[in-house]
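One structure below.
Predicted, not measured: the structure shown is a model, and the values here were computed from it.
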Amino acid sequence: MPTYLKPTPEWEEHEKPTLPGSASMPWHPPWRRVAYALVALLVGLTGGLGNALLSANLPTIQGELGLTPSEGAWLTASYVMSNVTANLLIYKFRQQYGMRLFTEIGLGVYALLSLAHLLVGSFSSTVLLRLASGFAAAPCTTLGTLYMLQALPRSYTGKMLVVGVGIGQLATPLAWLLSPALLDLGQWHNLYLFEAGLALCAFAAVVVLKLPPGIHIKVFEPLDFLTFALLAPAAAMVIAVLSQGYAHWWFDTPWLGWLLAGAVALFTLAWLVEHNRARPLLQTRWLLEGPTIRFIIGAFLIRFLTSEQTFGAVGLMRTLGMGPDQLQPLFGVILIGTLAGIALSAFSFGPRTLIPQILTAIVLFGCAAALDYDRTSLDRPQDFFLSQFLVAVGAGMFMGPLLLLGIMQAIKKGPDHIVTFMVVLSMSQTLGGFMGPALLSTYQLHREHVYSAQIVSRLNPADPAVAQRIRQQQQLYAATTADPVLRSAQGMAQLSQAARREANVRAYNDVFALCGLLALLFLSWSLLLMLKGAYLKKRSAPADTDPATKPSS
């Protein structure tokens with residue numbers, strides 16, 4: 001039996017919190033429900049918009065701060081390093097100390113750290129502040145979801161859960177839409193100023209409009225902090241390898257291997273600690289069960305497939321010289337698609353629609369990859385409207401059902417499995433989102449080198465077509481360069497640059513093909529699992545309904 005730390009109010013049955021750490025569900029007047037929904041939107045966007053703004057404008061920030069690509073990658077990676085494992089402690093913290101303290105500390109620290117960014121000038125101190133901000137911002141997704149649950153009566157809990165979880169997915173398209181205006185008004189400091197302003201507004205909102213009280217029970221144990229001390233640096237090491245592997249190259253940098261070895265060692269120690277505890281923080285035996293393993297693989301793959309947008313389409317446009325200004329219309333379409341996906345998922349929510357919604361998202365990812373295949377260097381952002389709209393609808397659709405499926409599996413085993421599920425979901429989505437660009441960028445670079453070698457090998461100056469192209473390139477410098485030898489060298493350099501551009505485009509087409517193939521294989525695997533489950537259920541049905549097997553009355 002749990003140890004209650006505060007007297008439990010005499011709630012009506014429909015008002016009781018679902019689990020310790022959740023808020024109760026009392027009756028609210030309509031104006032207060034609208035206020036809860038608005039606060040949920042503000043808090044949910046606050047948790048993701050700061051890092052999304054940094055990612056969208058990373059080349060600009062690197063240039064203004066004089067950072068190398070490797071140093072720039074540390075700015076985004078450090079935020080995720082601490083954010084990914086924060087749920088290990090956050091869930092238990094709100095169970096023991098309550099949502100109010102949980103919200104005010106989390107958002108208050110995040111607001112202070114966001115303001116501190118404006119005063120920091122060195123690269124190392126900025127990385128440390130991003131690391132602390134990632135941990136402080138981790139409560140925002142959970143907090144936004146809990147506020148959204150108060151926006152409608154309890155009968156709409158499932159739909160509101162889908163909407164609350166989906167709010168964070170709006171951060172990336174909004175960051176791309178807002179970035180040009182923010183940078184036009186000043187330097188990169190405006191991005192941090194905007195992040196700090198959002199955090200302060202969210203902090204004020206949760207202080208003024210508090211969540212209803214919940215149940216407080218004693219859950220923390222000393223070994224919880226030992227597990228966190230082992231898992232947090234292990235996950236940070238993996239994120240560091242994924243973010244730096246491409247910049248330093250995977251097999252040419254020994255310290256990347258040492259980081260991976262250290263991560264494996266720390267993960268193993270944490271596993272041994274948890275596996276032998278009487279009341280573990282992580283349910284290691286549940287993690288080894290078949291349904292849990294399939295859930296982890298599926299959650300990872302579906303996040304991996306969203307890289308077709310974040311790395312594929314956006315990366316190709318950046319390679320062709322498109323900046324945030326030119327990409328604004330595309331991300332406007334992505335924002336509309338994400339909203340449409342969240343709305344479709346919420347309106348069609350139900351126990352029977354969870355799996356079909358996830359399968360629909362996979363189909364949409366595959367269709368988008370097929371549409372993006374065979375791109376050319378003449379394509380522009382408007383040519384990606386349809387494909388990226390489909391990706392955005394799928395991305396907005398899958399997260400809610402995925403969360404509900406995992407929660408149902410965890411609750412079947414007991415409330416103490418919720419922490420494990422939250423950590424699994426967070427790590428699968430974070431690692432999938434990081435590993436997607438890391439692996440696809442490596443594959444794209446490999447294919448670009450192959451295509452570049454093929455194209456350059458055919459650039460024979462004796463070929464009439466090649467000679468004509470070189471003369472055309474030389475004419476561009478006729479007015480500024482009198483030396484014919486220098487003009488010829490500049491013409492060849494321009495031709496080589498065009499060859500590299502075309503090689504990059506062909507390599508991105510291979511990335512789209514790979515994403516489409518993965519989506520097809522993932523869909524086939526999911527359908528096979530569904531057919532197998534239906535067959536086993538049908539096979540066991542006669543035994544369950546046979547009168548001879550029923551006990552006599």
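- Taking all atoms of both residues into account, the shortest heavy-atom contact from F398 to A361 is CB-CB, 3.8 Å.
- For the side-chain hydrogen bond (donor to acceptor under 3.5 Å, both in side chains) with Q444, the lone residue among N504, D510, N509, T319 that qualifies is N504.
- Within the 3.5 Å criterion, the main-chain N or O of R303 finds a donor-acceptor partner in the side chain of T306.
- Looking at heavy atoms from C-beta onward, T145 lies out of side-chain contact with M160 at the 4.5 angstrom threshold.
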Is there a side chain to side chain contact (heavy atoms under 4.5 Å, CB included) between D372 and Q388 once you walk through the steps?
-> CA-CA 9 Å; D372 284 336; Q388 297 315 300; 2.9 Å; yes
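- Under the 3.5 Å distance criterion, the side-chain polar atoms of S307 are matched with a main-chain donor or acceptor of F304.
- Between L390 and F365, the closest side-chain pair of non-hydrogen atoms is not below 4.5 Å.
- The backbone N or O of S348 sits less than 3.5 Å from a side-chain atom of T353, completing a donor-acceptor pair.
- In this structure, R447 is positioned above the aromatic face of Y451, its NZ or CZ under 6.0 Å from the six-membered ring centre and within 45° of the axis.
- Shown here for L256 and V241, the closest heavy-atom pair between the two residues is O-CG2, 3.6 Å.
- Annotation: side chain of L445 is not in contact with side chain of S441 (no heavy-atom distance under 4.5 Å).
- Proximity of a side-chain donor or acceptor of S82 to a complementary backbone N or O of L131 within less than 3.5 Å is detected.
- Taken from CH2 in W250 to CG in L260, the straight-line distance is 9.0 Å, to the nearest 0.5 Å.
- Using a 4.5 Å heavy-atom threshold, the side chains of L170 and L49 count as separate.
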Where do Q382 and V333 land on the side chain to side chain contact (heavy atoms under 4.5 Å, CB included) test, with the steps shown first?
-> CA-CA 9 Å; Q382 60 267 24; V333 171; over 6 Å; no
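- By the 4.5 Å heavy-atom criterion applied to side chains, L518 and F522 are not counted as neighbours.
- Under the 3.5 Å distance criterion, the side-chain polar atoms of Q328 are matched with a main-chain donor or acceptor of L177.
- Side-chain rings of Y443 and F311 stay apart, their centers remaining 6.0 Å or farther from each other.
- The two atoms that bring I342 and G166 nearest to each other are CD1-O, 3.2 Å, heavy atoms only.
- Distance CG/L75 to CD/E71: 8.5 Å, rounded to 0.5 Å.
- Within the 3.5 Å criterion, the main-chain N or O of L53 finds a donor-acceptor partner in the side chain of N57.
- In plain terms, the two heavy atoms of A40 and M148 that are nearest each other are CB-N, 3.5 Å.
- With hydrogens and angles disregarded, a donor-acceptor distance shorter than 3.5 Å links the side chain of Q429 to the backbone of A299.
- The two residues A410 and I418 have their closest heavy-atom pair at CB-CD1, 4.0 Å.
- Using modelled atom types, one side-chain atom of T338 and one backbone atom of I334 make a donor-acceptor pair closer than 3.5 Å.
- L54 has its side chain out of reach of E195: every pair of non-hydrogen atoms, C-beta onward, lies at least 4.5 Å apart.
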Could you give me the CA-CA distance, side-chain angles and deciding distance for T442 and W249, then say whether side chain to side chain contact (heavy atoms under 4.5 Å, CB included) is met?
-> CA-CA 9 Å; T442 303; W249 203 244; 3.5 Å; yes
Full working for side chain to side chain donor-acceptor pair (under 3.5 Å) between S243 and W74 | CA-CA 7 Å; S243 65; W74 280 115; over 6 Å; no
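- Both cation-pi conditions hold for R375 and F384: the charged atom is under 6.0 angstrom from the six-membered ring centre and inside a 45 degree cone around its axis.
- Heavy-atom contacts from other residues, nucleotides or ligands closer than 6.0 Å to CE of M408 number more than 12.
- One N or O on the side chain of R33 and one on the backbone of Q150 form a donor-acceptor pair closer than 3.5 Å.
- Nearest heavy-atom pair across N83 and S426 is O-OG, 4.4 Å.
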Stepwise, does the side chain to side chain contact (heavy atoms under 4.5 Å, CB included) test hold for W525 with R294?
-> CA-CA 10 Å; W525 178 61; R294 289 193 292 270; 4.0 Å; yes
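- To the nearest 0.5 Å, atom CZ of residue F331 and atom CD of residue Q326 are 12.5 Å apart.
- Counting heavy atoms from C-beta outward, V423 and L231 have side chains that stay 4.5 Å or more apart.
- Under the 4.5 Å side-chain criterion, counting only non-hydrogen atoms from C-beta, V391 is in contact with E308.
- Formation of a donor-acceptor pair under 3.5 Å by the Y147 side chain with backbone atoms of L42 is not found in this model.
- With values rounded to the nearest 0.5 angstrom, L404 atom CG is found 11.5 Å from Q409 atom CD.
- In this structure, CE on M435 lies 11.5 Å from OG on S428, to the nearest 0.5 angstrom.
- Heavy-atom neighbours of F385 CZ from other residues, nucleotides or ligands within 6.0 Å: above the threshold of 12.
- Here the CD1 atom belonging to I239 is positioned 5.0 Å from the CG atom belonging to L431, to the nearest 0.5 angstrom.
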